[in-house]
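Starting from 1, each residue takes its place in the sequence as its number. Both backbone and side-chain heavy atoms feed into the values below; hydrogens, waters and symmetry mates do not. Given the structure is predicted, the values throughout are model-derived calculations rather than measurements.
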Amino acid sequence: MRTVEGAAPEAPRRMVLRTVSHLVAPLVAVVVAIALWWGATVAWGIKPFFVPSPPDIVEAFRREPAYLLRELVATMAATAAGFALAAVGGVLLAVVLTTSRTLERAVLPLLIAVNAIPKVAVAPLLVVWLGFGPQPKIVLVVLIAFFPIVLASAAGLTSTPVELTEFARSLDASFLQTYLRLRLPWALPQIFVGLKVAVSLAVIGAVVAEISNPDAGLGSVVVLSSTSADTPMAFAAITLLAALSVTLFYVVTALERVLIPWAREISG
């Protein structure tokens, strides 16, 4: 009984320490990286035209905050729309593929071939086919984020232990019931692995599309700033892109912890 009573206060303490470490460790890493970057620009006398220092980037933020925020929203909208379509379509296609081995063998090579096409080469063609505006950007985000979601979802849907599927059959569960109540929940951890990989790729897809069609978004800020030799503004846009990618990754991670809190327990 003493062991139980003595161990009880340890659990909240561990949770607090874990939370603090999860918050403090990334902040320390960011501060160290910024300090090293700043120190390198000062020590070697690097001019802002080539590599701006952190104060130069902060000054660029102060110079055009509304402009950068507006372009950030444009990039975020294209990324979110494309990622949502890729997530829904990728999971649904994985479900269809895992229902038939023959269908999987037929379709998977086509998916690999489409994924192997350089997205930089496709971006200008999307502008020709779909015109200017957000549509080409959303399509490119879907193209670049779709494959890892399909692959991870299919891997999860085919990893259900045989013992569980046999147990479902013994209960006379239908094919649909087995999928919805057994195979899909079991595959959710793998599906979220694909979503976390794809969400960072989605930001890259949006930027590639914006560079090819620089009418809006942070990618267009990088292009226009480079042509006007405003390197600090370009780095300010790149910093926002990095922050956006990290934020979206942790949003997906938080969603994973809310929807499948048991996944961490069964993974050990």
Side-chain angles (χ1 to χ4, degrees), residues 18 22 26 76 78-117 119 138-206 208 244-268:
R18 186 182 302 172
H22 286 175
M76 191 185 305
T79 302
F83 177 71
L85 290 173
V88 174
V91 173
L92 289 178
L93 181 59
V95 170
V96 172
L97 292 180
T98 52
T99 58
S100 170
R101 291 283 185 180
T102 303
L103 185 62
E104 182 181 359
R105 293 191 190 99
V107 175
L108 191 58
L110 295 176
L111 289 176
I112 296 173
V114 171
N115 185 64
I117 298 173
K119 304 306 182 288
I138 294 174
V139 171
L140 192 61
V141 171
V142 172
L143 289 176
I144 201 170
F146 189 74
F147 186 74
I149 296 175
V150 174
L151 205 61
S153 301
L157 289 168
T158 54
S159 66
T160 310
V162 178
E163 296 83 0
L164 293 180
T165 56
E166 291 295 334
F167 179 69
R169 287 175 188 170
S170 69
L171 296 176
D172 292 329
S174 66
F175 180 81
L176 183 60
Q177 289 175 328
T178 303
Y179 240 95
L180 293 180
R181 298 186 181 183
L182 179 60
R183 297 186 69 176
L184 187 59
W186 187 268
L188 282 176
Q190 281 288 339
I191 292 174
F192 271 100
V193 170
L195 292 176
K196 286 186 283 189
V197 172
V199 75
S200 298
L201 295 176
V203 177
I204 296 173
V208 170
L244 175 62
S245 183
V246 171
T247 301
L248 291 176
F249 178 87
Y250 280 108
V251 166
V252 175
T253 301
L255 186 62
E256 177 187 17
R257 291 182 178 180
V258 170
L259 293 179
I260 48 172
W262 45 265
R264 300 176 69 186
E265 297 178 5
I266 65 173
S267 63

Shortest non-hydrogen contact from [X] toward [Y]:
{"X": "E256", "Y": "P189", "value": "OE2-O, 4.4 Å"}
{"X": "E104", "Y": "P109", "value": "O-CD, 4.3 Å"}
{"X": "A198", "Y": "A145", "value": "CB-O, 3.5 Å"}
{"X": "A152", "Y": "Q190", "value": "CB-O, 3.3 Å"}
{"X": "A154", "Y": "A94", "value": "N-CB, 3.6 Å"}

For this session: Show your reasoning for whether side-chain contact (heavy atoms from CB on, under 4.5 Å) applies to V91 and I191.
Result: CA-CA 8 Å; V91 173; I191 292 174; 4.0 Å; yes

Problem set entry | Exam field: side chain T98 to backbone V95, donor-acceptor pair closer than 3.5 Å |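 Present.
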
Exercise. Is T158 reaching over with its side chain to a backbone N or O of A155, donor-acceptor style, under 3.5 angstrom?
Worked result: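 Yes.
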
Value rounded to 0.5 Å, distance of [atom1] in [X] from [atom2] in [Y]:
{"X": "L143", "Y": "I138", "atom1": "CG", "atom2": "CD1", "value": "12.0 Å"}
{"X": "I204", "Y": "T79", "atom1": "CD1", "atom2": "OG1", "value": "10.5 Å"}
{"X": "R257", "Y": "L255", "atom1": "CZ", "atom2": "CG", "value": "12.0 Å"}
{"X": "T247", "Y": "M76", "atom1": "OG1", "atom2": "CE", "value": "7.5 Å"}

Problem set entry | Partner residues of V252 under the side-chain contact (heavy atoms from CB on, under 4.5 Å) criterion, sequence neighbours left out |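 In terms of side-chain contact (heavy atoms from CB on, under 4.5 Å), with neighbours along the sequence ignored, V252 is linked to F83, F192, L195, K196, V199.
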
Problem set entry | Test applied, side-chain contact (heavy atoms from CB on, under 4.5 Å); reference residue, L157; option that passes from T99, L184, L97 |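 It is L184, the one option of T99, L184, L97 that forms the side-chain contact (heavy atoms from CB on, under 4.5 Å) with L157.
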
Exercise. Quick one: which of L93, L151, V141, V114 gives a side-chain contact (heavy atoms from CB on, under 4.5 Å) with F146?
Worked result: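 Of the listed residues L93, L151, V141, V114, the side-chain contact (heavy atoms from CB on, under 4.5 Å) partner of F146 is L93.
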
Problem set entry | Any side-chain heavy-atom pair of L111 and V150 under 4.5 Å |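 A side-chain contact exists here, since the closest heavy-atom pair is under 4.5 Å.
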
